[in-house]
Protein chains: 4
Amino acid sequence: MLNRVVLVGRLTKDPDLRYTPNGHQVATFTLAVNRTFSNQQGERQADFINCVVWRKLAENVANYLNKGSLAGVDGRLQTRTYDDKSGKRVYVTEVIAESVQFLESKKNNQSGNQNQRNSDHGPFSDTTDFPPISEDDLPF
Amino acid sequence: MLNRVVLVGRLTKDPDLRYTPNGHQVATFTLAVNRTFSNQQGERQADFINCVVWRKLAENVANYLNKGSLAGVDGRLQTRTYDDKSGKRVYVTEVIAESVQFLESKKNNQSGNQNQRNSDHGPFSDTTDFPPISEDDLPF
Amino acid sequence: MLNRVVLVGRLTKDPDLRYTPNGHQVATFTLAVNRTFSNQQGERQADFINCVVWRKLAENVANYLNKGSLAGVDGRLQTRTYDDKSGKRVYVTEVIAESVQFLESKKNNQSGNQNQRNSDHGPFSDTTDFPPISEDDLPF
Amino acid sequence: MLNRVVLVGRLTKDPDLRYTPNGHQVATFTLAVNRTFSNQQGERQADFINCVVWRKLAENVANYLNKGSLAGVDGRLQTRTYDDKSGKRVYVTEVIAESVQFLESKKNNQSGNQNQRNSDHGPFSDTTDFPPISEDDLPF
DNA sequence: TTTT
DNA sequence: TTTT
């Protein structure tokens, strides 16, 4: 069934690259997508959309995008469910990115940058507040 | 910034029509959008996407769509935050539908159907599990 | 670069299935997509969008869709150029469909229907008014 | 019916701003949208998509975008028909842009630039190769 | 909390 | 938990 999402926004953090137990790459990041209209109080508004990328694209994302980078995402909406530490069922809606366009990068992929890239923690550590991803979330 | 979602799916329930304190119409419904591929266990899968419609379109949705209706939605992704009964902050991602296409309706808008249409409870009762919507979620 | 099109409309004719010299399947069809608003004279309006599908999907389209079928298309916009019989250069813009959703079929894929399915003429005959497609239009 | 297009690309020329006889603003421009994959000969490829914007947005486009600017477009596909100078009927497919995102501008809207902005020729002169637009192409 |  |  038709399920399509297209977004342009800025990363709120460096992307987070992990590996599933079977060695598949997954990167997660959040896009801040500014709204056209400000709210009643005259404040600019943004939506914060969680995005997930798999395989080779995950590595490209981790290599070329940082906090603040402008990116376009073309993908589909997905819902997942998981149990938080208190055992409560949590419902999440996120974008599975099928293609990502790098529109503007602050730091041009130089290594050794002071704000340590947020990756390679090994699988599924919880240094991030992004909803945890398990092996069987891998699409097809 | 670019923010576009297009979906085709079936309503999991009758839509829920409410009115804000200031008299604006809001309807909410959930679309089951079937995935192309089944999972490892060979089960068909679906994503369940919460949708919100405002104003006149909210009334049309409430009048023409029921549980099981097939509908197309064109809109944008939005994130909101609210506190649940236990005071815990909850993050939701949903689609603000800007246009809705009625593709197939089971019961042709006849009134008096046994499974009582789920609307007109007055503002913001909690007979539904849809994330509560407040006046200032009204777009522009 | 981001390039995404999503349409829902009805086929103006049976789809046309061909084979390239190298044996690749290509189907072409035109979608009538109704506009929301009528024109100054109060007439309902439609846009007529040419769509192209390749490989296995081309066969599915030829098997499951007929004139009048309602279909959803997710794909990308493409421009091509070719020379018409009078040698004049013609520019066409069409949709390369990457996925097609069958929403409603008039005749349920029964064979032997009176208005002979418009396919298998061999490559690139001109029984159709659809812009001719050549081998190297095959995407990747 | 669902009809949605989202593109990111670069303007092939300065936008062309006109006024209809009734004083409505229309701007036209062509977006070069690069393809991901190169062709058999290993050449990078692009699609050239004609876009039309009306009213206030037309003026913003004319003011903020130049040849080479990177822009995102969210709109719908439209087909039109007109007769060329030789009296031959021509079919065009183009994007009616409903919102345009300015992603990068070469020259920051400074006036007095040497390559004279291509606008204000009065209605429908033919200094451009863009398919001519008539008053009744104005959407609603 | 899920639709055909 | 939020970006320019």
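Throughout, protein chains are lettered first and strands after them, A, B, ... in sequence-line order, and every chain is numbered starting at 1.
- The pair D47(B)-R76(A) does not meet the salt-bridge criterion, since no charged nitrogen lies less than 4.0 angstrom from a carboxylate oxygen.
- Spacing between atom CG of N66(A) and atom P of dT2(F) amounts to 20 Å, rounded to whole angstrom units.
- No side-chain heavy atom of V8(B) sits under 4.5 Å from any side-chain heavy atom of V33(B).
- The side chain of K67(B) lies closest to dT3(E), out of dT2(F), dT3(E), dT4(F).
- Following rounding to the nearest Å, I49(A) (CD1) and dT2(F) (P) show an atom-to-atom distance of 15 Å.
- Each of dT3(E), dT2(E), dT4(F) was ranked by its minimum atom distance to the side chain of R10(B); first place goes to dT3(E).
- Of the candidates dT2(E), dT3(E), dT2(F), the closest approach to any side-chain atom of N50(A) belongs to dT2(F).
- Atom-to-atom, CG of D47(A) to C1' of dT3(F) comes out at 12 Å; the value is rounded to the nearest Å.
- Whole-Å rounding puts the R35(A) CZ to dT2(F) P distance at 15 Å.
- Atom CG in L31(A) sits about 16 Å away from atom P in dT2(F), given to the nearest Å.
- In this structure, R4(C) pairs ionically with E98(C), as a charged nitrogen and a carboxylate oxygen lie closer than 4.0 Å.
- The interatomic distance linking L11(B) (CG) with dT2(E) (C1') rounds to 11 Å, in whole Å.
- Classification of D14(C) and K67(C) as a salt-bridged pair fails, no side-chain N sitting under 4.0 Å from a carboxylate O.
- Between the P atom of dT4(E) and the CZ atom of F48(B) lies a distance of 11 Å, rounded to the nearest Å.
- Taking atom CG on D16(B) and atom C1' on dT2(E), their separation rounds to 15 Å, with Å as the unit.
- Here the side chain of N34(B) is nearest to one of dT4(F), dT3(E), dT2(E), namely dT3(E).
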